[in-house]
Amino acid sequence: MAFAFTASLSMLAQSSIFNNPANKAYFGIRVAGEVTCPGEVSEDGTGISVFKNGGGVEFGGIFNAPVVANFYIEPGLKFYYNTYSMKGDFVGAIDNSSLIKSVITKKFGMRIPVMAGYHFDFTDDIKVSVFTGPELEIGFSAKEKVSSRTIDVSNDLYADDAALNRVDLLWGMGAGITYQHVYFGVSGSLGMLNMLHDSDFTFHENRVSFTLGYNF
């Protein structure tokens, strides 16, 4: 009885669920919708929620490289466009006459994620994966659009004397499911660097992504 139980565990450990002998490297394309979740602007540990959540899109590609058993490394290159806006109470604080209607930030750039993950191959067609890892983000453009009753003004947030840093480092984690060649995943990324340029305040950018892809 004990021998049979041990043999069953050994067979399970060697099954393709945890160690698929058919593993091979592949390329994939990815497109995602994302919810941008700006963190609090804080000083000396005191935080204030200044911004509302926004939305965005991301597109690009990945390379999945098996390492051992079903463990893999997955670097990628992606481009993104996202937005978020300032809450109404703070818009009013900027201009006491309430002439300003909105302050919206629009960003475009690229991301270089390097995820480490493990997939569980329940059948030849269905795989479930979990992953985590760092992600370098480099901004190409960041515009702050200030709208009033009479004019719309756009400011460059990456200018030498402007507010935001171009480079961010995030830590991502998530899970996905693959059916044959089609992939769907959900992930979250936490900003690790202070995005405010030359300031005593701290501000981190976070997001949640819903990804659809195809593996070749």
Side-chain angles (χ1 to χ4, degrees), residues 1-39 53-84 109-138 168-193 204-216:
M1 180 105 178
F3 174 77
F5 179 72
T6 303
S8 297
L9 289 178
S10 178
M11 291 177 62
L12 181 61
Q14 295 175 11
S15 72
S16 61
I17 293 179
F18 301 99
N19 185 6
N20 191 342
N23 285 330
K24 61 181 181 179
Y26 60 83
F27 288 94
I29 55 174
R30 299 288 186 265
V31 60
E34 59 185 45
V35 179
T36 54
C37 310
N53 291 347
V57 294
E58 175 189 79
F59 64 93
I62 56 91
F63 177 71
N64 187 289
V67 178
V68 62
N70 287 357
F71 177 74
Y72 64 88
I73 298 294
E74 188 176 275
L77 176 62
K78 303 176 181 180
F79 297 90
Y80 71 91
Y81 171 82
N82 61 31
T83 70
Y84 51 85
M110 76 174 185
R111 296 167 178 157
I112 305 174
V114 182
M115 297 292 116
Y118 206 93
H119 57 86
F120 305 91
D121 300 359
F122 294 102
T123 70
D124 291 339
D125 292 333
I126 300 176
K127 302 179 180 181
V128 175
S129 58
V130 292
F131 53 86
T132 187
E135 182 177 65
L136 179 66
E137 181 173 293
I138 302 173
D168 195 9
L169 181 66
L170 301 97
W171 193 268
M173 61 198 75
I177 183 169
T178 301
Y179 176 71
Q180 295 183 352
H181 295 279
V182 179
Y183 170 86
F184 175 76
V186 179
S187 62
S189 298
L190 299 176
M192 303 174 66
L193 302 182
H204 299 268
E205 295 182 356
N206 313 304
R207 69 175 181 276
V208 176
S209 301
F210 302 89
T211 303
L212 185 64
Y214 187 89
N215 300 325
F216 296 96

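Bear in mind the structure is a predicted one, so any value in this text is a computation, not a measurement.
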Please determine if E205 and R111 form a salt bridge, counting it only when a charged side-chain N lies under 4.0 Å from a carboxylate O.
-> no

CA sep, side-chain torsions, deciding dist, call: Y179, F184, side-chain contact (heavy atoms from CB on, under 4.5 Å) | CA-CA 9 Å; Y179 176 71; F184 175 76; over 6 Å; no

Would you give the length of the straight line joining atom CD of E58 to atom CG of N82, rounded to the nearest 0.5 angstrom?
-> 9.5 Å

Where P134 and M115 come nearest, the two heavy atoms and their spacing = O-CE, 3.4 Å

Just by distance, do the side chain of T36 and the backbone of T83 share a donor-acceptor pair under 3.5 Å?
-> yes

Could you grab the distance from atom CD of E34 to atom OH of Y80, nearest 0.5 Å is fine?
-> 9.0 Å

What closest approach, in Å, do A116 and I73 show between heavy atoms, and which atom pair accounts for it?
-> CB-CD1, 3.8 Å

Mark yes or no for whether N70, through its side chain, and I17, through its backbone, hold a donor-acceptor pair below 3.5 Å.
-> yes

N206 side-chain N/O to G188 backbone N/O, donor-acceptor pair under 3.5 Å = no

May I ask you to decide if G191's main-chain N or O and H204's side chain share a donor-acceptor pair within less than 3.5 Å?
-> yes

What pair of heavy atoms forms the shortest contact from A175 to Y183, and how long is it?
-> O-OH, 4.2 Å

Kindly compute the distance separating OG1 (T211) from CZ (F59), expressed to the nearest 0.5 Å.
-> 13.5 Å

Is the backbone N or O of N215 less than 3.5 Å from a side-chain atom of H181, with the two atoms forming a donor-acceptor pair by type?
-> yes

Roughly how far, to the nearest 0.5 Å, is the CD1 atom of I126 from the OG1 atom of T178?
-> 10.5 Å

Nearest atoms (heavy-atom pairs only) where F131 meets G176 | CE2-N, 4.1 Å

If we ignore angles and hydrogens, is there a donor and acceptor under 3.5 Å between the side chains of H119 and D121?
-> yes

Exercise: identify the closest heavy-atom pair between F216 and I29 | CE1-CG2, 3.9 Å

Is a donor on one side and an acceptor on the other found under 3.5 Å between the side chain of T123 and the backbone of D125?
-> yes

Just by modelled atom types, is the G172 backbone N or O under 3.5 Å from a matching donor or acceptor in the T132 side chain?
-> yes

Between P38 and Y84, which heavy-atom pair has the shortest distance, and what is it?
-> CG-CG, 3.6 Å

Give the ring-plane orientation class for F27 versus F63, where under 30° counts as parallel, over 60° as perpendicular and anything between as tilted.
-> tilted

What orientation do Y118 and F120 show, parallel under 30°, tilted 30 to 60°, or perpendicular over 60°?
-> tilted

CZ/R30 to OG/S209 distance, rounded to the nearest 0.5 angstrom?
-> 12.5 Å

To the nearest 0.5 Å, how far apart are CE in M192 and CG in L169?
-> 5.5 Å

Between N53 and R207, is any side-chain donor less than 3.5 angstrom from a side-chain acceptor?
-> no

